[in-house]
Asker: 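Just passing along the structure, written as C-alpha cells.
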There are 2 protein chains.
Amino acid sequence: MPKEQGDGRRRVVIEGVRPQIDCGRFSIKRVVGEMVVVEADVFADGHDQVASRLLYWREDDKAVQSSPMVAIGNDRWRGEFPVLKVGKYGYTVEGWVDRFKTWHSDLIKRIDAGQDVQLEMLIGARLLEDVAARASGEDAEILRDSIRKMRDKKDKESTKDAVPDPDLLQIVERYPERTLVTRHETRLSVVVDRELARFSAWYEVFPRSCSPEPGRHGTLRDCEAMLPYIASMGFNVVYLPPIHPIGHKFRKGKNNSVSAEPDDVGSPWAIGSEEGGHTSIHPQLGTFEDFKRFVSAAAGHGLEVALDMAFQCTPDHPYVEQHREWFRERPDGTIQYAENPPKLYQDIYPLDFESAEWHALWLELKETVLFWVKLGVRIFRVDNPHTKPFSFWEWLIQEVKDQDPDVLFLAEAFTRPHVMYRLAKLGFSQSYTYFAWRNNKQELTEYFNELAQTEIQEYFRPNLWPNTPDILPEFLQVGGRPAFMIRFILAATLGASYGIYGPAFELCENAPYQPGSEEYLNSEKYEIKHRDLKSVWSLKEFITRINRTRLDHPALQSNRNLRFHNTDNSSLICYSKATDDLSNIIIVIVNLDSFHVQSGWVELDLASLGLDATHAFQVHDLLGEGRYLWQGPRNYVELAAESLPAHIFHVRRWVRTETDFDYYL
Amino acid sequence: MPKEQGDGRRRVVIEGVRPQIDCGRFSIKRVVGEMVVVEADVFADGHDQVASRLLYWREDDKAVQSSPMVAIGNDRWRGEFPVLKVGKYGYTVEGWVDRFKTWHSDLIKRIDAGQDVQLEMLIGARLLEDVAARASGEDAEILRDSIRKMRDKKDKESTKDAVPDPDLLQIVERYPERTLVTRHETRLSVVVDRELARFSAWYEVFPRSCSPEPGRHGTLRDCEAMLPYIASMGFNVVYLPPIHPIGHKFRKGKNNSVSAEPDDVGSPWAIGSEEGGHTSIHPQLGTFEDFKRFVSAAAGHGLEVALDMAFQCTPDHPYVEQHREWFRERPDGTIQYAENPPKLYQDIYPLDFESAEWHALWLELKETVLFWVKLGVRIFRVDNPHTKPFSFWEWLIQEVKDQDPDVLFLAEAFTRPHVMYRLAKLGFSQSYTYFAWRNNKQELTEYFNELAQTEIQEYFRPNLWPNTPDILPEFLQVGGRPAFMIRFILAATLGASYGIYGPAFELCENAPYQPGSEEYLNSEKYEIKHRDLKSVWSLKEFITRINRTRLDHPALQSNRNLRFHNTDNSSLICYSKATDDLSNIIIVIVNLDSFHVQSGWVELDLASLGLDATHAFQVHDLLGEGRYLWQGPRNYVELAAESLPAHIFHVRRWVRTETDFDYYL
C-alpha cells in the first residue's frame, strides 16, 4: 500500500539525481575513458545512517557493476564510474539504512558520554551475526570471534575491548546489508563516443576548388593532394560539402543569381541530377575508387573524412520520379519547392516528412547514410537538421549507431535555442553554435558560461566555427587579419572542437557580397575558386602553432573547467581551462579589439586553479614564447592585436624558492 | 518506430513543463479559487506555426477541460486554469502544428512581397475545407462561402479580396485541427486545499493553563472561556498540545527534571496511561462532550481547532500491552525507549515502523486520526514527522484526504532541508520553518527568496513561528518587548501563515532555562502556568491591529509576489507583497535592531509594483497611521524600535495631479 516499491519499511528516499536530462528521457554524453560523476540526495527519516551506491552497466551486456557513493554534506552523495567502451551505459542510484554503521556511531557517542553499553554490545552482536552469515573464509571467522567477544559479559571498563576496531569495520563494509533498498526508479543513460566527439579540429574544403590549374574543375584526387597541407596545420577532420551530382533545373548562378550561365557549376547542396542522387558521386569529382582512396589517404595523414548529409533534392533528383509520394504536391499538380516566405527556392524540393509514406522515406534515408558508412565514412555533418522532424533524427542516429557506434553527427542547427538543444539531446554528437555572432566580452562570457556551467554541457558539444561558406561575420569583414587571428584563438581555445571553412579562412578572405550581408562575395557555394595557399598573408603558421598547443595540452581538449576571470578592460577577455586534477592549466587572455593595443589588469580566481597568493607561479606564453613570473590574483597584460592579439599561458604552478630545498635551514 | 507516440509525422515536442515537481512524482499545491499558471516549451522542426493548449481535469470526475496556451517568446507558452473545488486536479499540455495559421501567416508575407498567390489561395481553400467539415451551422456556411471565394480564379489584384479576414480567422480557431497532436506524457497534478491552508494565524494554548484560579488544573471548559480573547486578537486557528492521558512511568518533572514530584503534571507529549491513549482525553481536561462543545464554541468565534498528533507512547500506553509487536525489543527483553545518543528518553517508547506488523500499525494510526476527524477536527499539527517513514505519511495523508479533503496537516519538521521539503512534497499542507533562527537582513532575505522565488513555493507552505514551547530564540531572550514586536511583524507579514505560542508570546515571556538554552525557564511543557492576560506589557492590541491588517489586505494573505527591496542600512529590511493584479500592494519596512533608532534610504523596485518614477504615490502606515507622499525609488525612513519598529505601508498608487483632471488644458 505505500506508493513506492511495496514495503512500508523501505525508509530511504532518493531525489535530485544528476546528471539527468528531462527526467531521464535523454542520455548524457561522454567519451571513452571519462568518468561519469553522479550526485543524488539520499536520506531517510530519523537519525539513522544511510548508505548509497551507484549502479552502472553497459546496455549491451547488462552486467550490473557498482561503485560506492560518499556523503558530501547536506544529504548529498557523490559517486563515479568510468566509461571504457563506445556505446551506451545505464546508471542509477541505490540507498538503504545502514544499521551497523548507525549502531556503531551511536556506540561511540554512548561510550564518550560514559554510559554503560553492555546491552548495546549484545544488540551489535546480533547485527554482526547477520553480517557473518553473508561472509565466508577468514572474514567469517574474524566476525564470529568478534561476536563472541561482544557477548562476553564483563564490567563497564573491559566492555570497551570488544568495541569493533577499524579493521573489523572494513570487513563489515565488504558484506553490506542492503535490505529494504530503495532504487531510483528512472534508469539513466550515457552515450559514450570515441574521443573525437569531444576533441576535434575541422577543416572544410570544396574538392572542386582543389585543382592546381586555374579554371579546371577540381577532383577528389586534387583534394587528396591537398591533404598534407591540411594535416600539416594540425587538423584532424576534413569535411567535404556534398559530393553528389548537382541539379540543372533552376540551378543558381554565381553569387546566387536566379539564372545560371551554361558554365556555372551550381551549389553542391542542390543534390541530384540524371547522374544520380545521395548515393552517387558527382562525375567531375571522380569515382567511388577515388573516394575510397581519398578516405584512406586522409587516414594516413591522421585525418578523418566528414561528409555532408543534406536531405533535400533538386527537381532533377531521381527520387522525384521514383518516389513522387515523398514530395508535397500543389493543387496545380506541381511539386512544392522550398520556401521560407517570402523567400522561394525553386531549385530545391524538400522531402515531405508528413507524407503518408514517411516510413519508407525514413528507411531510404537510413540506407543512404549506411551506404557511406560502408565506404568508411564515420562522421556526418548534417545540413539543416532543424527542418526535419525530431523523431526522425532520434531514430536515424540510433539506427546508425546500432550498426556502428563510432559514427558521429554534427548538427548544422543554426536555429532557435530550444531547437538546437533538442537536436543535441536526441543524439547529435556535436553542434554548430551561436559563436559566430558572439564577439564582445559580455556576449562571449554569458554564452560560454551557459554552455559550460549548466546542464547543457551534459549533452551539447559545441563546435565553434569562426566562418562557414554561409557566414562571413561582420567582425571578420572589417577587422583585417588581426580579426581572423582573434576569432581563431577564441574558437580553438574556448572550444575543444572547432572548425574553419578554408582556405578562405587562413587566407583572410573578407569581402562580403554586399554591405550588411554575411554572404561571401563570389561565394564558393556557386563557383570554383583558385587560391594561392602560399600567400604571405596566410595564417597557416599561426594555425599550426595553436593546433600544436591544443594537442600538447589536455586542458584544451575538453570543455570542462572553463572559467572566466575578471579583467578591468572590456576589450580584454580572460579565461582558463584545466584538467580535473589541475595538472594542466591554460590561461587565455585575448585582446578583442582588432585595431588597438589594449592593456589592463587581470584578476585571476586563484583558488579555482589550485594556486595560492603566497607562491609565485610562472606563466609561459605558448603563442609569443614570453615567460612571466606572476604572484597573486592581479597581473598586468598588454596586447597589440597586430602582432600578438593574445596570450595562451601554460601555468607552471610551483616556482621553487630557497625554502623548497633540503639544505635550507 | 519513432520513440514517441507512434506516428513519425508527429512533429511537435513539449519540454520544460512547469510547475512540475520531481518529474511529476509529486503534486503542486493550490487553494480553492486560485489559478494554476502552466508554462512549457512547445515547438516543432522547421518554420511552421504551432499551437498549444492546456488540458486539466478533476481527478474525481476525469472530464477533461482545456484552455488555450499563448506564446510568450523563445518557444515558451503559457496557459492557466482555475481550481474551484477542494481535491485533486490533473493537468498536462498538448501541442500540434497549426497548418492553417502557418498558411495564413505565410500568405501575408507573400502578399507583402508582391507575389502572385492564386495557387496559395487554392492550398488555403483545401485547408479550410477540413475546417468546414468540423464546423456546423452558420460557421460552416461562412467557411464554405470563403472557400468559394478563394477558389474563384481572378487576377493578382482582386485575389486579395479572398484573403481571410480576422472574423474568419476567429471562426477557424473555433475548430482547431489537432491532428498528430503531441501530449506531454507525464500527467501532472495539483492538490487543492481550502483557503485556510494558505492564510492562517495560529494560536497555541495549553488548556491545562487556562484555569482562572491559580494552581488548579485547567480544563477544556476553561479553555473555551478563553476563546473570545483569542478570537478578539484575530487568530483563526487555536492549536492544542496533546489532550490525551499522560504517562506516569519515568514522568518528567518541572524543567524536564528526570524524576517527577508527585504533583508534577508531566508533558502532554508523553502520551498514554491506564486512562487511555491517542483516542482518549486526559480526565483532568474533561470529557468528549466538553471537547465537542469546545470545537463548536471555537467555530462560533471563527476559530478552528488544531490538534496535536504525536505518534509516540509512554511505557504506560495501552499499545504497549496490546501491541508489543509495534515496539522494538532489546536483547534483555525490555522495550527500546527513545534515544538520540547520548540523550536518553526513558519516558517515551517510539513506535517501531520497521516492525514486521507495520501494516497493522499504519492502519491503527490512521484510525486514530479519523477518530478525531469524526469529532470535527480538520487540522492536525504533526509532531516530529521526520522520525517516521516518508511513505507512511504519504499514505496516511492521502487516506485521510480521501475521507475528508478538507483536513490539513502542519509538519513540525525542524530538521534538515531535504527532509523538511520532502515532507511537504508528499502531502503536508503547511510546515514549520527555520524562521526562528533567521534574524538578520541577509539571513531573512536569502531564506525567504528560497521559499518564495524557487520551485519550493509550489509545494511548501511555510508557517512562521517566532516562538514555540520548545523554542525561545535568543533574539527574544535579549531584545525586550521590541524584539517580540519585530519578530511578530516579520512572522505575520513575511508569512501568509504564522503562529505564536501564547500567552507566553504576547506577554513577552523571555527567561531561558539557562544561558545558551532555547528552552523556557519553568517550561509550560512540564507545569501548569497561570498568567495575567491583562498585563500592560501585553502585545494584545498590537497583535490585533496586525491581524486586522492581514484580513483587510489580500496582499498579505498569500506568499506570492514577495519581493525584497534594497536599503542602505543593514538593520532595515524592506519587502513588498502584492496581489497578482497589483490592486493591493503592501510595503513593509522593519527595524531589525531592537535597541536603537535606525534610519536610511529605501530603494524600491518600482516596476515590480507597477509604479513609475514620474508619479507620486501615497504610502499609508497601517501601524502608525502616518501618511507620506513618495516619488521615485529612493525614500527615507526612520524607525525607533521602542515605539514603532516598522512601517506596514499600504500603497495608494495614483495620487492625482492637475493633469489628471478633464479641465486641465
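Note on naming: letters A, B, ... go to the chains in the order of the sequence lines (proteins, then strands), and numbering restarts at 1 for each one. This one's a predicted model, so the numbers in the text were calculated from it and none came from an experiment.
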Asker: Any carboxylate oxygen within less than 4.0 angstrom of a Lys/Arg side-chain nitrogen, looking at A:Glu185 and B:Arg25?
Answerer: no

Asker: For chain A, which candidate among B:Val419, B:Leu119, B:Thr387 shows the most heavy-atom pairs at distances under 4.5 Å?
Answerer: B:Leu119

Asker: Checking A:Thr415 against chain B: side chain, backbone, both or neither under 4.5 Å from a heavy atom?
Answerer: neither

Asker: Distance-only, no hydrogens or angles: does the A:Thr454 side chain make a donor-acceptor pair with backbone N or O of A:Ile456 under 3.5 Å?
Answerer: yes

Asker: So what's closer than 4.5 Å to chain A heavy atoms on B:Asp106: side chain, backbone, both or neither?
Answerer: both

Asker: Of all the residues in residues 41-48 of chain B, which have a heavy atom that comes within less than 4.5 Å of a heavy atom in chain A?
Answerer: B:Asp41, B:Phe43, B:Ala44, B:Asp45, B:Gly46, B:His47

Asker: Checking B:Arg126 against chain A: side chain, backbone, both or neither under 4.5 Å from a heavy atom?
Answerer: side chain

Asker: Would you mind checking which part of B:Ser105 comes under 4.5 Å of any heavy atom in chain A, side chain (CB onward), backbone (N, CA, C, O), both or neither?
Answerer: neither

Asker: Does the structure place the NZ or CZ of A:Lys388 under 6.0 Å from the centre of the six-membered ring of A:Phe353, at an angle of no more than 45° from the ring's axis?
Answerer: no

Asker: With chain A as the partner chain, list the residues of residues 335-346 of chain B whose heavy atoms fall under 4.5 Å from it, by residue number, and write 'none' if nothing qualifies.
Answerer: B:Gln336, B:Glu339, B:Asn340, B:Pro341, B:Pro342, B:Leu344

Asker: Less than 4.5 Å to any heavy atom of chain B: does that hold for the side chain of A:Glu354, its backbone, both, or neither?
Answerer: both

Asker: Contact part of B:Asp112 toward chain A, heavy-atom cut-off under 4.5 Å: side chain, backbone, both or neither?
Answerer: neither

Asker: With a 4.5 angstrom heavy-atom cut-off, is it the side chain or the backbone of A:Asp332 that approaches chain B, or both, or neither?
Answerer: both

Asker: Using only atom types and a distance under 3.5 Å, with no angle test, would you say the side chain of A:Ser27 pairs donor to acceptor with the backbone of A:Val191?
Answerer: no

Asker: Decide whether B:Ser355 and B:Glu357 meet the rule of one side-chain donor and one side-chain acceptor closer than 3.5 Å.
Answerer: no

Asker: A quick test of your reading: do over 12 heavy atoms of other residues, nucleotides or ligands sit less than 6.0 Å from CZ of B:Arg328?
Answerer: no

Asker: Determine, using ring centers only, whether B:Phe390 and B:Trp393 are less than 6.0 Å apart.
Answerer: no

Asker: With a 4.0 Å cut-off, would you call B:Arg18 and B:Glu39 a salt bridge?
Answerer: no

